[in-house]
Amino acid sequence: METLDFRSDTVTKPTPEMWEAIAKAEVGDDVYGEDPSINKLQELSAHMLGKEAALFVPTGTMGNLIAMLVHCQRGDEMIVGNLAHAYLSEAGGMAALGGIFPNVLVNQTDGTLLLDDIQAGIKPDDNHFAITRMITLENTHNRCGGVSLSTDYVNSVANIAKQHGLKFHIDGARIFNAAVDQGKDVKELLAGADSVTFCLSKGLAAPVGSVLCGSKEFIYKAQRARKQLGGGMRQAGVVASAGIVALEKMTGRLEKDHLRAKNLAMGLEKIEGLNLLINNTNMVYFDLDHEINLTIEEFISESAKLGLLFGYEGGRQFRLVTHVDITDLMVENAIEILKKLVEENH
Ligand SMILES: *Cc1c(COP(=O)(O)O)cnc(C)c1O
């Protein structure tokens, strides 16, 4: 039985072309700046995202943390959403390692922070207050159901940041999904940002790695922060070579994942006892009716026995994510499995 792994787009395996690139990768010591594959990946990333320079990092978490460490001093604060990955899912790194104080605003269901909340959240220069130094937005917004933020909205936040002399970072783990969803070049979504992190290892299917982009001066400082965090990786061109394939070959196909997520959502919507909550880009969130006689643990394990894996999001909420290793047939099969399970236990 084939496993239908909808837990996340992080489960994607390298494509055949990536394995080939890995086998043939030219490598060198990247701490000396001598890995040709990493240098090429960084130049390509900066070019595609419309930034001056880029830095290959092991994870998106490290990319975000480096941005915070470069933009902020200890005791400075960062405006961030209460559902942001950087706030919720990065083990408090900003506070633990950067001494950075999160100024947490409420994420709206569309992934945004209200502009009025941001304005009101920026502290005046008064020695009672931490110094507000930066704003971070997430695009697409994972916990808000994969929703993408519009260029207009992102630009409005960039303008507020500029007016107040704040740094503006975008956690763009899935920024290429956002670009496809908005029908825009990824550069347009990032024009107002001082820095951006994106992941090669999610929907773009590379095995490892993220890239942090920004000005030359920012990346120069980011190199030291990466070293401090232990992220200088020597012959990591072995994996960066797969990242080049990810950028060249995988960004153009994300639309297919979005379409499959839509089909999946339409299928789930018809199942009585299962409530479709939200569907955006490559994500589908649903919850299980209380009248279904299955505990959370039973629902997850019974699905797994039938070959279907998905993410658990707390309460009776679950998440399915489409990606390159999910086919149309797998979407149909996933709907069938859920329908059978829910109907049998109604
Ligand atoms: C996955 C993710 C990250 C971090 O990525 P890792 O590579 O797993 O550290 C950051 N932000 C968002 C929104 C993510 O989904």
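Note that the structure is a prediction, hence the values are computed from the model and not measured. One-based numbering, in listed order, for ligands and for the atoms of each.
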Which residue and atom name correspond to the protein heavy atom nearest [atom], and how close is it?
| atom | value |
| --- | --- |
| atom 15 (O) of ligand 1 | K202 NZ, 2.7 Å |
| atom 11 (N) of ligand 1 | D171 OD2, 2.6 Å |
| atom 10 (C) of ligand 1 | H85 ND1, 3.2 Å |
| atom 6 (P) of ligand 1 | G60 N, 3.5 Å |

Which of the atoms in ligand 1, numbered in the order shown and given with their element, are less than 4.0 Å from a heavy-atom of [X]?
| X | value |
| --- | --- |
| E138 | 13 (C) |
| A173 | 2 (C), 11 (N), 12 (C), 13 (C), 14 (C), 15 (O) |
| R174 | 15 (O) |
| N142 | 15 (O) |
| T61 | 4 (C), 5 (O), 6 (P), 9 (O) |
| T59 | 7 (O), 9 (O) |

[X] touching ligand 1 at heavy-atom level, < 4.0 angstrom:
| X | value |
| --- | --- |
| H141 | no |
| T140 | no |
| M62 | no |

(message) Exactly one of V245, V239, V208, V211 should register a side chain to side chain contact (heavy atoms under 4.5 Å, CB included) with L200. Which one does?
(response) V211

Are the side chains of [X] and [Y] in touch, meaning some heavy atoms are under 4.5 Å apart?
| X | Y | value |
| --- | --- | --- |
| L113 | V106 | no |
| L338 | L268 | yes |
| K227 | R224 | no |
| L114 | Q108 | yes |

(request) Let me know which of F299, Y285, F6 forms a ring pair (Phe, Tyr, Trp, His ring centres under 6.0 Å) with F310. (result) F299

(message) Between I131 and F101, is there shared hydrophobic-cluster membership here, with clusters defined by ILVMFWY side-chain heavy atoms closer than 4.5 Å?
(response) no

(request) Would you check if the side chain of N279 reaches a backbone N or O of M283 as a donor-acceptor pair within less than 3.5 Å? (result) yes

(request) Measure from the side-chain N and O atoms of E138 to the backbone N and O of N142, and report whether any donor-acceptor pair falls under 3.5 Å. (result) yes

(request) Using only heavy-atom distances, determine whether the side chains of T132 and E77 contain a donor-acceptor pair under 3.5 Å. (result) yes

(request) Select one of side chain, backbone, both or neither to describe which atoms of N64 lie under 4.0 Å from any atom of ligand 1, heavy atoms only. (result) side chain

(message) Between ligand 1 and S210, is the shortest N or O to N or O distance under 3.5 Å?
(response) no

